[in-house]
Number of protein chains: 2
Amino acid sequence: MHSKTHRTFAIKNMKRSLGHIVYGKDTEALAKFAKALGHPTRIAILKHLENQSCCFTGDLVDVFPLAQSTISQHLKELKNAGLIQGELKPPKIKYCINHENWTMAKTLFQEFFD
Amino acid sequence: MHSKTHRTFAIKNMKRSLGHIVYGKDTEALAKFAKALGHPTRIAILKHLENQSCCFTGDLVDVFPLAQSTISQHLKELKNAGLIQGELKPPKIKYCINHENWTMAKTLFQEFFD
DNA sequence: TTTGTTTATCGCCAATAGACGATTGGTTTA
DNA sequence: TAAACCAATCGTCTATTGGCGATAAACAAA
């Protein structure tokens with residue numbers, strides 16, 4: 001019944017995390033965005049995208065002293081968080097800010113900081 | 001000379017990360033704040049602090065279904081990021097938002113999102 | 001001084017993250 | 001078809017994170 005990845009616990013120790021805690025939707029969403037922003041390379045990539053409006057993976061490989069696979073990995077995480085989107089522009093892939101989610105993130109941070 | 005925690009590399013493979021990349025101050029700062037916000041429990045703790053204005057570790061242990069040591073760890077990370085500060089109020093410790101850095105973070109996110 | 005209360009730290013473990021090189025897959029162009 | 005190009009994915013490695021219980025440290029009160 002329990003997920004194999006989590007320990008069981010004695011009843012008298014209840015209150016301990018059973019798997020994981022569920023937070024409000026906004027809390028989860030904000031944490032997800034923040035996590036994606038929690039690496040300087042990804043911040044830098046996004047700043048670059050804001051200037052260029054769009055760009056290709058190859059451009060970034062030239063800009064940052066990182067392996068192509070590493071850049072690709074960061075782009076994947078930004079995409080998973082919904083902050084960017086990739087458009088097939090053969091033979092390249094054009095990455096742009098996802099403005100809808102960008103606005104959502106902006107609003108969430110705004111509200112959070114009052 | 002190199003930190004032991006980083007590989008060396010062949011000269012012909014230059015362009016690879018020598019230890020780590022140095023980004024602009026704002027980029028680093030923003031990533032650091034974002035990283036601290038990158039866990040829903042820490043978001044929830046901060047929201048709680050915003051409401052309460054201040055609180056003790058013990059209060060949080062009652063609010064969240066997490067071990068005292070886990071809460072303490074999250075508080076430590078928030079403190080390291082500068083988002084909160086602890087005031088000795090024996091025998092307890094009162095945690096509050098660090099308003100100076102809070103404002104700095106707010107501004108950085110604001111600027112980042114345009 | 002001893003006891004109780006509160007919080008931080010330690011040690012451990014599983015899971016995740018971040019970096020790399022190498023390989024694969026898809027699309028053009030020769 | 002073959003060759004070239006670009007980006008994603010795979011496999012591996014190390015470091016970090018997040019959780020826990022147990023222990024230590026700090027201080028108040030008895």
Side-chain angles (χ1 to χ4, degrees), chain A residues 2-10 12-21 31-32 34-45 55-62 64-81 84 86-95, chain B residues 2-10 12-21 31-32 34-45 55-62 64-81 84 86-95:
Chain A
H2 289 102
S3 159
K4 172 162 53 187
T5 62
H6 292 106
R7 320 183 169 62
T8 54
F9 54 93
K12 66 176 199 164
N13 284 337
M14 265 297 232
K15 114 194 273 283
R16 302 299 163 232
S17 83
L18 171 115
H20 56 273
I21 310 173
K32 185 177 174 184
K35 189 171 186 179
L37 298 176
H39 193 292
T41 295
R42 291 194 287 270
I43 297 283
I45 288 176
C55 78
F56 303 100
T57 306
D59 303 347
L60 298 172
V61 175
D62 293 335
F64 298 99
L66 293 168
Q68 178 264 325
S69 56
T70 303
I71 300 281
S72 187
Q73 181 59 27
H74 283 305
L75 288 172
K76 184 184 181 182
E77 286 176 46
L78 290 173
K79 204 167 51 182
N80 285 344
I84 65 172
E87 183 189 345
L88 244 81
K89 211 83 177 180
K92 299 186 175 185
I93 294 181
K94 194 172 67 172
Y95 281 104
Chain B
H2 288 104
S3 159
K4 172 163 51 187
T5 61
H6 293 106
R7 325 181 166 65
T8 54
F9 55 94
K12 66 176 201 163
N13 285 337
M14 264 297 233
K15 117 193 272 280
R16 301 300 163 232
S17 82
L18 171 115
H20 55 271
I21 310 173
K32 186 177 173 183
K35 189 172 185 179
L37 298 177
H39 193 291
T41 295
R42 292 195 287 272
I43 296 284
I45 288 176
C55 78
F56 303 100
T57 306
D59 304 346
L60 298 172
V61 175
D62 293 335
F64 298 99
L66 292 168
Q68 178 265 326
S69 57
T70 303
I71 299 282
S72 187
Q73 180 60 27
H74 283 306
L75 288 172
K76 185 184 182 182
E77 287 176 46
L78 290 173
K79 202 167 53 182
N80 285 344
I84 65 173
E87 185 188 344
L88 244 82
K89 211 84 178 181
K92 301 188 177 183
I93 295 180
K94 194 173 66 173
Y95 282 104

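Below, read A as the first sequence line, B as the second, and so on, with proteins coming before strands; counting in each chain starts at 1. Just so we're clear, the structure is a prediction, and the values are computed from it rather than from any experiment.
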- [ ] With the side chain counted from C-beta on, respond yes when I21(A) and P40(B) share a heavy-atom pair under 4.5 Å apart, and no when they do not.
- [x] no
- [ ] Classify the nucleic acid contact of E77(A) as base, sugar-phosphate or nothing, counting any heavy atom under 4.0 Å across all strands shown.
- [x] sugar-phosphate
Task: Spacing of NZ belonging to K92(A) relative to SG belonging to C55(A), to within rounding of 0.5 Å - done: 10.5 Å
TODO: Could you check how far CG of N80(A) sits from P of dA17(C), rounded to whole Å?
DONE: 10 Å
TODO: In whole angstrom, give the distance that lies between atom CG of L66(B) and atom P of dG18(D).
DONE: 12 Å
Task: Nearest heavy-atom neighbours spanning I43(B) and A31(A) - done: CG1-CB, 4.1 Å
TODO: Indicate the atoms forming the closest heavy-atom contact of A36(B) with A81(B), along with that distance.
DONE: CB-CB, 3.5 Å
TODO: To the nearest Å, give me how far apart CD (Q73(B)) and P (dT17(D)) are.
DONE: 9 Å
Open item on the list: Both T70(A) and K35(A) contact DNA chain C. Taking the nearest nucleotide for each, which residue is further toward the 5' end?
Closed with: K35(A)
- [ ] Take the protein atom NZ of K32(A) and the nucleotide atom P of dA17(C), then report the distance between them rounded to whole Å.
- [x] 12 Å
Task: Distance, rounded to the nearest Å, where F64(A) contributes CZ and dC20(C) contributes P - done: 13 Å
Open item on the list: Quick check for you: to the nearest 0.5 Å, what is the distance between E77(B) atom CD and I84(B) atom CD1?
Closed with: 10.5 Å
- [ ] Using whole Å, report how far NZ of K76(B) lies from P of dT17(D).
- [x] 11 Å
Open item on the list: For DNA chain C, which residues of residues 36-43 of chain B approach it to below 4.0 angstrom with any heavy atom?
Closed with: none
Task: By side-chain contact (heavy atoms from CB on, under 4.5 Å) - contacts of H74(A) (at least two apart) - done: H39(A), T41(A), R42(A), I45(A), T70(A)
Task: For K94(A), all residues meeting side-chain contact (heavy atoms from CB on, under 4.5 Å), sequence neighbours excluded - done: C54(A), F56(A), E87(A), K89(A), C96(A)
Open item on the list: So, using side-chain contact (heavy atoms from CB on, under 4.5 Å) as the criterion, who are the partners of I71(A) when residues are at least two apart?
Closed with: T57(A), L60(A), V61(A), F64(A), L66(A), L75(A)
- [ ] Using a 4.0 Å heavy-atom cut-off, write out nucleotides 3-8 of chain C from 5' to 3' as B (base contacted by protein), S (sugar-phosphate only) or - (no contact).
- [x] ---SBB
TODO: Ignoring backbone atoms, test whether H74(A) places a side-chain nitrogen or oxygen under 4.0 Å from the OP1 or OP2 oxygen of dA17(C).
DONE: no
